[in-house]
2 protein chains.
Amino acid sequence: MSATNYSINGRIWIETPEGKVLGHGRVELLERIHVTGSLRQAALQMKMSYKQAWDLVKHTNEGFTEPLVQLSRGGTGGGKAILTEKGHQVIAEFKKIQKKFIDFMKEEENLIKI
Amino acid sequence: MSATNYSINGRIWIETPEGKVLGHGRVELLERIHVTGSLRQAALQMKMSYKQAWDLVKHTNEGFTEPLVQLSRGGTGGGKAILTEKGHQVIAEFKKIQKKFIDFMKEEENLIKI
DNA sequence: TATCGTTATGTTTTTAAAAGTATAACGGTA
DNA sequence: TACCGTTATACTTTTAAAAACATAACGATA
């Protein structure tokens, strides 16, 4: 049982001078793309429109030096979405930081005195 | 010169089971209330509508065990907004955590390798 | 080469958030 | 007690974000 009724919560993200390029939501989208191999399925799972997901991937790809997701259309299955090696790296890096961030918040929550 | 083009940014806030009770924006509003003694002036400075500021103060006051701002109407000047002792405490506590959070982000930014 | 399910992209509609408008209530002070 | 500028609150309008809709393009396979 904590000594306080308050909890600390927050969000972190990676950005460039042009703006946000990766955060909580995008990482989840990328992970679902990796699992399903499909942008449409990933979007469905997250209950977002295909268009929004596609825009997110576009902006994310443009935010890094190389694409994190490789989209292709036509062929067997109609098309596919594949996470690049860079995509895997970036996700891993973000999740590492995210884990530390959660620890940070937990710690501060225990110290809080109001 | 940093080793990477990416920077880390983020937000933290204090919440109860009922939701967010204090974050970056609200703290700024409270500080401006303290400086000006007026909710209307504080809202003007932050370019938000008086209504929005009033709602924020209302929800903030309800989120804690005691009000952080004491509003009163009528009298000299038409009315006033005063930060309570609790208000001062809470602001100080939040800013302390916020400072550590900024340090955390700086550190992670230096470690980032993508 | 016809089919299929997906990616690609512009356009329209819906929804939600914010801003704006209006007006009452208040209590020192002149 | 009339005035003033602010707080208090409901209601309307505007704006921005999200969703929905529509349709073309694509390429492996049968």
Side-chain angles (χ1 to χ4, degrees), chain A residues 11 13 15 18-26 28-64 66-84 86-87, chain B residues 11 13 15 18-26 28-64 66-84 86-87:
Chain A
R11 290 282 182 276
W13 57 86
E15 59 182 38
E18 281 72 40
K20 188 187 291 193
V21 294
L22 198 78
H24 181 266
R26 292 192 196 194
E28 184 179 345
L29 183 64
L30 295 185
E31 289 184 313
R32 290 183 189 274
I33 285 172
H34 174 57
V35 171
T36 63
S38 158
L39 180 52
R40 166 152 266 118
Q41 288 309 312
L44 270 174
Q45 288 183 1
M46 292 184 68
K47 292 180 212 296
M48 65 170 67
S49 70
Y50 171 83
K51 187 185 185 355
Q52 189 183 4
W54 184 83
D55 282 339
L56 276 175
V57 167
K58 183 166 185 288
H59 291 140
T60 304
N61 277 343
E62 287 166 354
F64 290 88
E66 345 161 19
L68 307 194
V69 178
Q70 193 184 49
L71 298 172
S72 55
R73 60 184 174 179
T76 312
K80 55 190 169 179
I82 296 172
L83 211 57
T84 65
K86 180 84 171 180
Chain B
R11 291 281 182 276
W13 57 85
E15 59 183 39
E18 280 73 40
K20 189 187 289 193
V21 294
L22 198 78
H24 181 264
R26 293 192 194 193
E28 184 179 346
L29 183 63
L30 295 185
E31 289 184 312
R32 289 183 190 275
I33 284 172
H34 174 56
V35 170
T36 62
S38 158
L39 180 52
R40 166 152 265 119
Q41 288 310 311
L44 269 175
Q45 288 183 2
M46 292 185 67
K47 292 180 211 299
M48 65 170 67
S49 69
Y50 171 82
K51 185 187 185 354
Q52 190 183 3
W54 184 83
D55 281 339
L56 276 175
V57 167
K58 182 165 185 287
H59 291 141
T60 304
N61 277 343
E62 287 166 354
F64 290 88
E66 343 161 20
L68 307 194
V69 178
Q70 193 183 49
L71 299 172
S72 55
R73 58 183 175 181
T76 312
K80 57 189 169 181
I82 295 172
L83 211 58
T84 65
K86 180 84 172 180

**OP:** Considering non-hydrogen atoms only, spot the tightest contact between B:Pro67 and B:Lys86 and give its length.
**Re:**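 Smallest heavy-atom distance, with atoms named: O-CB, 4.0 Å.
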Value in whole Å for how far the [atom2] atom of [N] lies from [atom1] of [X]:
{"X": "A:Met46", "N": "D:dA18", "atom1": "CE", "atom2": "C1'", "answer": "15 Å"}
{"X": "A:Tyr50", "N": "D:dA18", "atom1": "OH", "atom2": "C1'", "answer": "17 Å"}
{"X": "B:Leu44", "N": "D:dG5", "atom1": "CG", "atom2": "P", "answer": "15 Å"}
{"X": "A:Asn61", "N": "C:dA8", "atom1": "CG", "atom2": "P", "answer": "10 Å"}
{"X": "B:Lys80", "N": "D:dA8", "atom1": "NZ", "atom2": "C1'", "answer": "17 Å"}
{"X": "A:Trp54", "N": "D:dC21", "atom1": "CH2", "atom2": "P", "answer": "20 Å"}
{"X": "A:Asp55", "N": "D:dA18", "atom1": "CG", "atom2": "P", "answer": "11 Å"}

For a quick test of your reading: what N or O donor-acceptor pairs under 3.5 Å do the side chains of residues 33-46 of chain B make, sequence neighbours left out?
from: B:Thr36; atom 1: OG1; to: B:Arg32; atom 2: O; distance (Å): 2.7
from: B:Thr36; atom 1: OG1; to: B:Ser38; atom 2: N; distance (Å): 3.1
from: B:Thr36; atom 1: OG1; to: B:Ser38; atom 2: O; distance (Å): 3.0
from: B:Ser38; atom 1: OG; to: B:Arg40; atom 2: N; distance (Å): 3.3
from: B:Ser38; atom 1: OG; to: B:Gln41; atom 2: N; distance (Å): 3.0
from: B:Gln45; atom 1: OE1; to: B:Arg32; atom 2: NH1; distance (Å): 2.8

**OP:** Report, as a single string ordered 5' to 3', how protein heavy atoms within less than 4.0 Å touch nucleotides 22-30 of chain D: B base, S sugar-phosphate only, - not at all.
**Re:** ---BBBSS-
Original post:
For every nucleotide of nucleotides 10-21 of chain C, 5' to 3': is a protein heavy atom under 4.0 Å from its base (B), only from its sugar-phosphate (S), or from neither (-)?
Top reply: BB-------SB-
Tell me if a side-chain donor or acceptor on [X] pairs with a main-chain N or O of [Y] at a distance below 3.5 Å.
{"X": "B:Asn61", "Y": "B:Glu66", "result": "no"}
{"X": "B:Arg11", "Y": "B:His24", "result": "no"}
{"X": "A:Ser72", "Y": "A:Gly79", "result": "no"}

**OP:** Taking atom CD of A:Gln70 as the centre, report whether more than 12 heavy atoms of other residues, nucleotides or ligands fall under 6.0 Å from it.
**Re:**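 Counting neighbours around CD of A:Gln70, 12 or fewer heavy atoms of other residues, nucleotides or ligands fall under 6.0 Å, so no.
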Original post:
Any side-chain donor paired with an acceptor under 3.5 Å for B:Trp13 and B:Glu15?
Top reply: yes
**OP:** Nearest 0.5 Å please: distance from the NE2 atom of A:His59 over to the CZ atom of A:Arg26.
**Re:**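 Answer for the NE2-CZ pair, A:His59 versus A:Arg26, is 8.0 Å.
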